[in-house]
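Everything quoted here is computed from the prediction, not taken from an experiment. For the numbers below, each heavy atom of this structure counts, side chains included, while hydrogens, waters and symmetry mates do not.
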Amino acid sequence: LRAVNGFDIKIEKGELYGLIGPNGAGKTTVFNLLTGVYKPDTGSIVLDGTEITGKSTIEISKAGIARTFQNIRLFGDLSVYDNLLTACQKNITYSLFDGFLRTPNCRRQEKAARAECDALLEEMELTTQSGQKASNLPYGMQRKLEIARALATHPKVLLLDEPAAGMN
């Protein structure tokens with residue numbers, strides 16, 4: 001069974017696209033291919049002129065592709081705020097040494113990450129839930145948190161799998 005065959009798309013900066021099709025049409029499979037969950041048998045995936053086909057999910061994330069999942073994947077035992085802060089760690093560049101000594105560079109970057117988390121919580125209307133466990137949120141709010149977490153990585157390309165599911 002070939003889930004995706006002959007898929008070809010070119011997305012320019014600032015453009016918005018949607019993949020539409022019935023259940024089982026391969027939409028999530030395309031996302032899994034683009035983000036390195038699956039490796040394509042043939043073809044290539046290029047981001048900003050750089051081939052990313054076959055790269056690991058971490059390498060692809062660092063290259064600038066972020067995603068949400070059809071089935072929400074949050075850290076259920078962590079607070080809403082800490083879930084978001086985990087995504088902000090992608091932008092932290094201080095060394096382990098800086099972290100141990102709490103150098104000015106460390107404190108500056110952590111302050112910036114917290115400010116970013118606060119702004120995203122406000123944007124997604126989750127500020128009052130920031131201390132709650134993610135698993136205790138209603139489904140629609142969990143979806144919003146997952147989108148906020150993806151945005152926190154500053155992606156070049158943001159892939160939203162079933163983004164409106166559970167939303168009012």
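A salt bridge does not link Glu162 to Arg143: none of the charged nitrogens lies less than 4.0 Å from a carboxylate oxygen. In summary, Glu125 and Lys144 engage in a salt bridge, as defined by a charged side-chain N under 4.0 Å from a carboxylate O. Taking a cutoff of 4.0 Å between a charged side-chain nitrogen and a carboxylate oxygen, Glu15 and Lys13 do not qualify as a salt bridge. Checked for salt-bridge contact, Lys27 and Asp161 miss the test: no charged N lies under 4.0 Å from a carboxylate O. Using a 4.0 Å cut-off between charged nitrogen and carboxylate oxygen, Glu59 and Lys62 do not count as a salt-bridge pair.
Closest non-hydrogen pair, Leu84 versus Cys117, comes out as CD2-O, 3.5 Å. Nearest heavy atoms, Pro40 versus Ile45: CG-CD1, 4.4 Å.
Between the side chain of Gln142 and the backbone N or O of Ala134, at least one donor-acceptor pair lies under 3.5 Å.
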TODO: Please step through side chain to side chain contact (heavy atoms under 4.5 Å, CB included) for the pair Leu33 and Phe7, ending with a clear verdict.
DONE: CA-CA 11 Å; Leu33 288 164; Phe7 181 79; over 6 Å; no
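Atom NZ of Lys55 sits about 11.5 Å away from atom CG of Leu47, to the nearest 0.5 Å. Distance check: Tyr17 OH to Glu12 CD gives 7.5 Å after rounding to the nearest 0.5 Å.
In the model, Ser79 has no side-chain atom that pairs as donor or acceptor with a side-chain atom of Gln132 under 3.5 Å. For the residue pair Thr127/Glu122, the side-chain donor-acceptor check at 3.5 Å is not satisfied. Side-chain contact annotation: Tyr94 with Glu110, donor-acceptor N/O pair under 3.5 Å present.
The cationic atom of Arg67 (NZ for Lys, CZ for Arg) lies less than 6.0 Å from the six-membered ring centre of Phe69 and within 45° of the ring axis.
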